[in-house]
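Convention: sequence-line order gives letters A, B, ...; per-chain numbering from 1.
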2 protein chains.
Amino acid sequence: MKEALPIGQAATQSGVKVPTIRYYEQIGLLPLPLRSEGNRRLYSESEMRRLAFIRHARELGFEVDAIRALLDLQDNPQRSCAEADVIARARLADVEHRIASLTALRKELRRMITACAGGSVSDCMVIETLAENSQLRSAKKG
Amino acid sequence: MKEALPIGQAATQSGVKVPTIRYYEQIGLLPLPLRSEGNRRLYSESEMRRLAFIRHARELGFEVDAIRALLDLQDNPQRSCAEADVIARARLADVEHRIASLTALRKELRRMITACAGGSVSDCMVIETLAENSQLRSAKKG
DNA sequence: GTACATCCTCTAGTGACTAGAGGAGCAAGC
DNA sequence: GCTTGCTCCTCTAGTCACTAGAGGATGTAC
């Protein structure tokens with residue numbers, strides 16, 4: 001087992017800023033870490049892993065509550081599979097929707113870059129494309 | 001040319017809420033619309049199109065500044081293609097990174113749902129999957 | 001033992017909305 | 001003309017997920 005890290009090193013290693021780590025602790029995404037004699041936070045390997053997960057999930061646009069749900073799954077492996085299933089399926093649906101939207105956008109961005117290669121912007125259709133796509137869904141999350 | 005819409009109908013049609021439309025006006029994403037005799041906003045077809053674009057772009061995770069940049073491009077079609085290219089390529093890189101991460105997560109969620117079909121959650125590896133991927137980039141924007 | 005970085009807690013500010021107060025405009029019915 | 005009720009107006013304040021800063025304690029290097 002590796003030695004524990006102070007918050008500054010935890011921040012550097014995870015790419016999550018120091019105040020953000022403290023914020024995650026405050027809202028209960030991270031457990032209260034061990035403290036040194038001088039009252040400083042010390043992060044274990046498993047906490048670092050959890051932190052990396054949170055960071056990545058946030059980058060992907062998951063809300064804190066969704067991340068909390070995923071972490072709960074991990075924390076309670078004995079839990080009924082039905083619960084896990086509901087959470088996982090909801091996340092999956094969300095992820096698939098995001099992938100579909102981003103794939104459509106990627107296509108349009110590629111087209112735009114290609115089209116722009118040799119002239120003015122006047123024939124770029126980003127706005128038209130995205131405006132039309134926006135009819136795909138008519139309501140957002142609750 | 002179709003007749004102009006009051007803000008409530010603009011909201012219904014675009015899926016952007018009334019206060020959000022006013023907010024977009026306030027921060028300069030939408031132009032100041034025509035007003036009726038009674039001082040009510042009236043949205044033309046082109047403003048509706050712009051609104052639809054903004055909504056879709058926001059759903060896809062673009063920041064307001066990025067949207068502003070794209071709209072500026074559209075507003076100034078005589079502008080150099082180099083500028084458009086820079087914006088589009090930055091967006092494309094971002095989008096591709098997101099797609100890659102989400103695809104990895106989708107795989108894991110699917111695996112999880114399958115695994116859960118017959119047992120406990122104990123071997124779910126969501127955290128590991130994302131925690132490892134998170135080394136791909138070490139810094140965010142700005 | 002004194003610099004100086006790193007840490008602590010606490011409060012306040014940011015971006016992108018979102019909700020609510022308090023009031024004006026307007027269409028329909030009496 | 002007058003009321004009912006909806007939509008609209010402006011303005012301020014609240015939310016989420018951070019982010020920055022004040023003011024002070026700790027830890028390490030010379």
Side-chain angles (χ1 to χ4, degrees), chain A residues 3-30 32-43 47-48 50-71 94 134 139-142, chain B residues 3-30 32-43 47-48 50-71 94 134 139-142:
Chain A
E3 73 266 43
L5 302 176
I7 198 166
Q9 283 187 49
T12 309
Q13 204 181 345
S14 67
V16 179
K17 291 174 187 161
V18 168
T20 307
I21 295 177
R22 290 197 276 247
Y23 170 73
Y24 287 156
E25 177 185 318
Q26 187 191 315
I27 63 170
L29 277 194
L30 286 175
L32 298 176
L34 282 177
R35 297 278 184 141
S36 72
E37 288 215 344
N39 196 34
R40 295 171 173 217
R41 292 169 179 83
L42 292 174
Y43 292 95
E47 283 158 344
M48 289 306 297
R50 196 176 175 99
L51 190 49
F53 167 76
I54 294 169
R55 185 209 160 181
H56 200 61
R58 285 295 300 133
E59 257 178 30
L60 293 175
F62 286 99
E63 286 162 22
V64 163
D65 278 353
I67 297 172
R68 208 190 299 276
L70 287 169
L71 288 169
D94 184 12
S134 69
K140 284 197 77 171
K141 51 160 191 182
Chain B
E3 74 266 44
L5 301 175
I7 200 167
Q9 284 187 49
T12 309
Q13 203 178 3
S14 67
V16 179
K17 288 174 189 161
V18 169
T20 306
I21 295 177
R22 290 197 276 246
Y23 169 72
Y24 287 156
E25 177 185 318
Q26 188 193 314
I27 62 171
L29 276 195
L30 286 175
L32 297 176
L34 283 177
R35 296 278 184 142
S36 73
E37 288 215 345
N39 196 34
R40 296 174 171 216
R41 292 168 178 83
L42 291 174
Y43 292 94
E47 284 157 345
M48 289 306 298
R50 196 175 175 100
L51 191 49
F53 166 76
I54 295 169
R55 184 207 162 187
H56 199 61
R58 284 297 297 132
E59 258 177 29
L60 292 175
F62 285 96
E63 286 163 23
V64 163
D65 278 353
I67 297 173
R68 206 189 300 274
L70 287 170
L71 288 169
D94 182 18
S134 69
K140 282 198 78 171
K141 47 147 197 187

Cut-off 3.5 Å, no hydrogens considered: what does the side-chain donor-acceptor table look like for residues 16-27 of chain B, sequence neighbours left out?
unit_1   : atom_1 : unit_2   : atom_2 : d
Glu25(B) : OE1    : Arg41(B) : NE     : 2.7

Next on the checklist: Need the bend value for the helix from dG1(C)-dC30(D) to dC30(C)-dG1(D): angle between end axes, 5 pairs each end, nearest 10°.
Outcome noted: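 One end's axis against the other's: 10°.
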
Extract from the structure each pairing of a protein N or O with an N or O of nucleotides 3-6 of chain D at less than 3.5 Å, listing the distance.
none

Next on the checklist: Run the salt bridge (charged side-chain N to carboxylate O under 4.0 Å, His left out) test against Arg68(A) and tell me which residues pass, sequence neighbours left out.
Outcome noted: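 Counting only residues at least two positions away or on another chain, Arg68(A) forms a salt bridge (charged side-chain N to carboxylate O under 4.0 Å, His left out) with Asp65(A).
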
Item to check | Set of side-chain contact (heavy atoms from CB on, under 4.5 Å) partners for Thr12(B), sequence neighbours left out | outcome: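 Applying side-chain contact (heavy atoms from CB on, under 4.5 Å) to Thr12(B) gives none.
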
Hey, what are the protein-to-nucleotides 23-25 of chain C N/O distances that come in under 3.5 Å?
unit_1  : atom_1 : unit_2   : atom_2 : d
dG25(C) : O4'    : Arg40(B) : NH2    : 3.4
dG25(C) : N3     : Arg40(B) : NH2    : 3.3

Checklist entry - Looking at residues 18-25 of chain B, who's got a heavy atom less than 4.0 Å off DNA chain D? => result Arg22(B)

Next on the checklist: List the residues meeting side-chain hydrogen bond (donor to acceptor under 3.5 Å, both in side chains) with Gln9(B), not counting sequence neighbours, and say none if there are none.
Outcome noted: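 Checked Gln9(B) against side-chain hydrogen bond (donor to acceptor under 3.5 Å, both in side chains); zero matches.
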
Checklist entry - Under 4.0 Å between a side-chain N/O of Arg55(A) and OP1 or OP2 of dA17(D), yes or no? => result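 Checking dA17(D) against Arg55(A), no side-chain N or O comes under 4.0 Å of OP1 or OP2.
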
Item to check | Under 4.0 angstrom between Arg58(A) side-chain N/O and dA17(D) OP1 or OP2 | outcome: no

Item to check | Separation of dC18(D) C1' from Glu63(A) CD (nearest whole Å) | outcome: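 Value for this atom pair: 14 Å.
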
Item to check | For atom NZ of Lys17(A) and atom P of dG21(D), their distance in whole Å | outcome: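 Taking atom P of dG21(D) as the reference, NZ of Lys17(A) is at 11 Å.
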
